Amino acid sequence: TTEICSCCAGLGRIVTAETVAFNAMRALGREARAAVPGGMVVTACDDVIDVLEEDVSRAFSELSASLGRLVQLRRDPDMDEDAFEISVDG
């Protein structure tokens with residue numbers, strides 16, 4: 001889904017924080033299968049982390065458990081709203 005961009009007065013569109021959160025969860029699953037063992041860190045802007053901690057917290061917890069890894073969430077207020085990073089912390 002998309003929403004009107006408050007930065008450009010509606011001339012452009014951006015993906016919602018929910019969409020970015022779901023994209024991050026899918027990427028986390030791919031990365032976990034390919035990465036070396038250890039904990040993982042998802043870094044994203046505040047809105048995306050809020051979605052992962054609140055709106056989809058159960059699904060995120062179930063994903064983390066199924067991966068058999070500790071997954072930490074890290075806020076980066078300087079990160080673009082449509083971006084996230086996944087790294088191995090180990």
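Hydrogens, waters and symmetry mates play no part in the numbers below; they use all other heavy atoms, side chains included. All values derive from a computational prediction rather than experimental measurement.
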Chemist: Within this structure, what is the CE-CG distance for the pair Met40 and Leu70, rounded to the nearest 0.5 Å?
Modeler: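 With rounding to 0.5 Å, CE (Met40) is 11.0 Å from CG (Leu70).
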Chemist: Are Val41 and Val56 connected in a single hydrophobic cluster, I mean Ile/Leu/Val/Met/Phe/Trp/Tyr linked by side-chain heavy atoms less than 4.5 Å apart?
Modeler: no
Chemist: Which value, rounded to the nearest 0.5 Å, describes the distance between Arg69 atom CZ and Leu63 atom CG?
Modeler: 11.0 Å
Chemist: Taking all atoms of both residues into account, what is the closest heavy-atom pair of Val42 and Ile49, and its distance?
Modeler: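 Closest heavy-atom pair between Val42 and Ile49: O-CD1, 4.0 Å.
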Chemist: How far apart are the closest heavy atoms of Pro77 and Asp46, and which atoms are they?
Modeler: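 Looks like CB-OD2, 4.4 Å.
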Chemist: Val88 and Pro37: which non-hydrogen atoms are nearest, and at how many Å?
Modeler: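 Looking at all heavy atoms of both residues, the closest pair is CG1-O, 4.1 Å.
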Chemist: Mind checking the CD-CZ spacing from Glu85 to Arg74? Nearest 0.5 Å is all I need.
Modeler: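 The CD atom of Glu85 sits 10.0 Å away from the CZ atom of Arg74.
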Chemist: For Glu81 and Cys45, work out which heavy atoms get closest and say how close.
Modeler: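 Result for this residue pair: CA-SG, 3.8 Å.
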Chemist: What's the spacing between Glu18 CD and Asp47 CG if we round to 0.5 Å?
Modeler: 8.5 Å
Chemist: Between Asp80 and Asp82 (side chain of the first, backbone of the second, donor and acceptor by atom type, cut-off under 3.5 Å), is there such a pair?
Modeler: no
Chemist: Are Val20 and Phe22 in one and the same hydrophobic cluster, where Ile, Leu, Val, Met, Phe, Trp and Tyr link if side-chain heavy atoms are under 4.5 Å apart?
Modeler: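 Cluster IDs for Val20 and Phe22 match.
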Chemist: Give me each pair satisfying salt bridge (charged side-chain N to carboxylate O under 4.0 Å, His left out) with a member in residues 48-60, each pair once, sequence neighbours excluded.
Modeler: Asp50-Arg75, Glu53-Arg75, Arg58-Glu62
Chemist: If you measure from CG on Leu73 to OG on Ser57, what distance do you get to the nearest 0.5 Å?
Modeler: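 The OG atom of Ser57 is 10.5 Å from CG of Leu73, to the nearest 0.5 Å.
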Chemist: Looking at residues at least two apart in the chain, or sitting in another chain, which of them share a side-chain contact (heavy atoms from CB on, under 4.5 Å) with Thr19?
Modeler: Thr1, Val15, Thr16, Asn23
Chemist: Grab the two heavy atoms, one from Ala44 and one from Phe84, that are nearest each other, plus how far apart they are.
Modeler: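 Minimum heavy-atom separation between Ala44 and Phe84: CB-CB, 4.1 Å.
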Chemist: Taking all heavy atoms of Gly29 and all of Leu67, pick out the closest pair and write down the distance.
Modeler: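 Residues Gly29 and Leu67, closest heavy atoms: CA-CD2, 4.1 Å.
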